There are 2 protein chains.
Amino acid sequence: MRLSTRTRYGLRALMELACNYEKKPLPLKTIAQRQGVSVKYLERVIVILKNAGIVKSSRGSLGGYMLAKPPDQIKIIDCFRPLEGPVVLVDCVYDEGSCSRFADCMVKGLWKQVNDVIEDVLKSKTLQDLVENTKREGILDYRI
Amino acid sequence: MRLSTRTRYGLRALMELACNYEKKPLPLKTIAQRQGVSVKYLERVIVILKNAGIVKSSRGSLGGYMLAKPPDQIKIIDCFRPLEGPVVLVDCVYDEGSCSRFADCMVKGLWKQVNDVIEDVLKSKTLQDLVENTKREGILDYRI
DNA sequence: ATTATTCCTACCTTTATAGTAGGATATACT
DNA sequence: AGTATATCCTACTATAAAGGTAGGAATAAT
């Protein structure tokens, strides 16, 4: 029930990239320092987001990472799924055949409902939304 | 992000006990057969619920398990937490000091919101609610 | 060339999950 | 008293996932 550090670090890194949108590529070293994480581990996280088409990279000196699309066009759920895996509290939510007890299970409706509310939140927000919420709360003072 | 079998089996077992409320104690063997689970494993699950005060037991021949309270007085969240652990997607939801990046984290609001909607669902329902939903859907034909 | 970066592969450690095994203890019924 | 049926208790095992680390190759700007 706890999010993996993969997902936590990944989303935080995406927020950095969102704030940096349309500027120079942001190297992992910078992100890693700001977030207090090792570059090596962040590499393993960001490659997931790259394969998912959410970020793109440029190699070599002055290289780094950028968002592949404007932050208001990137939904949280599309970042979440590659990092944490699909939102599936129980398999039967998407595949009735996955559980032999599906027919007479009295709990499946509950799990489905919980699953749905999680997805609703993750679908309803973009990276841009999170940036704006944060600005409204007066964070981000270390960035200009 | 996936529920443990502990939680899934545990809740299903509780549904059996809810349907059996104020009848004779229900032995694990019966539940295990209905659910297609080993008695041995179910023992490990039910002891968690017993320690949490949700079920009580009677030993010996004709013994078994019963709900400790009427099913309409048992909230799902009180069953969920001992089985799956507290609903805490990220520690900072309950303990700001748990993350050194709390002050400038742009994602914490999102995690808090997801956490809240999960808890809301689990708090809003009792075992009795699930039984009634199920009856309304015409399941439970094997029980009378 | 040198430096800074991404990219790739392999390895390691720790923790949690999902069990199984064997037997001790308690209770009802005959 | 004895047997069958339960819960209860302790210990063990196997597998997978999480959370990294290490070393170096490939690429690009200066």
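Keep in mind it's a predicted model, so treat the numbers as computed, not measured. Each chain gets a letter, A, B and so on, in the order its sequence line appears, and its residues count up from 1.
The only option from A:D116, A:V114, A:I118, A:N115 that meets the side chain to side chain contact (heavy atoms under 4.5 Å, CB included) definition with B:V121 turns out to be A:V114. Screening A:L14, A:V55, A:L67 for a side chain to side chain contact (heavy atoms under 4.5 Å, CB included) involving A:I74 leaves a single residue, A:L67.
Summarising the geometry, the separation between CD on B:Q33 and P on D:dT5 is reported as 12 Å, rounded to the nearest angstrom. Put simply, NZ on B:K50 is 12 Å from C1' on D:dC9, counting in whole angstrom units. Atom CG of B:L42 is separated from atom P of C:dT20 by 12 Å (rounded to the nearest Å). Taking atom CE of B:M66 as the reference point, atom P of C:dT27 lies 12 Å away to the nearest angstrom. Atoms CD (B:E84) and C1' (C:dA16) sit 11 Å apart, rounded to a whole Å. We find that NZ of A:K24 is positioned 10 Å from P of D:dT30, with the value rounded to whole Å. Going from atom CZ of B:R8 over to atom C1' of C:dG19 covers 14 Å, rounded to whole Å.
Between A:Q35 and A:E16, the side chains place a donor N or O and an acceptor N or O closer than 3.5 Å (distance only, hydrogens not considered).
Because its NZ or CZ atom is both nearer than 6.0 Å to the ring centre of B:F102 and within 45° of the ring axis, B:K108 counts as a cation-pi partner of that residue.
Residue contacts shown for B:I46 are absent, as no nucleic acid heavy atom lies under 4.0 Å away.
Taking side-chain N and O atoms only, A:Y41 has no distance below 4.0 Å to OP1 or OP2 of D:dA18. Between A:S4 and D:dA18 there is no side-chain N or O to OP1 or OP2 distance below 4.0 Å.
With D:dA6, D:dT21, C:dG19 as the choices, the nucleotide that has an atom nearest any side-chain atom of B:K29 turns out to be D:dA6. The side chain of B:K40 sits closest to C:dG23 out of D:dG19, D:dT7, C:dG23. The side chain of A:R44 has C:dC11 as its nearest neighbour among C:dC11, C:dT6, D:dC8.
Side-chain N or O atoms of B:E84 include one that pairs as donor or acceptor with a backbone N or O of B:S4 at under 3.5 Å. A:T30 places no side-chain N or O within 3.5 Å of a backbone atom of A:L26 that could act as its donor or acceptor partner.
Between A:E43 and A:L3, the residue anchored nearer the 5' end of DNA chain D, judged by the nucleotide with its closest heavy atom, is A:L3.
Residues B:M66 and A:M106 do not share a hydrophobic cluster, defined by chaining ILVMFWY side chains whose heavy atoms lie under 4.5 Å apart.
At a non-hydrogen distance threshold of 4.0 Å, B:S57, B:S58, B:R59, B:G60, B:S61, B:G64, B:Y65 from residues 52-65 of chain B come into contact with DNA chain D.
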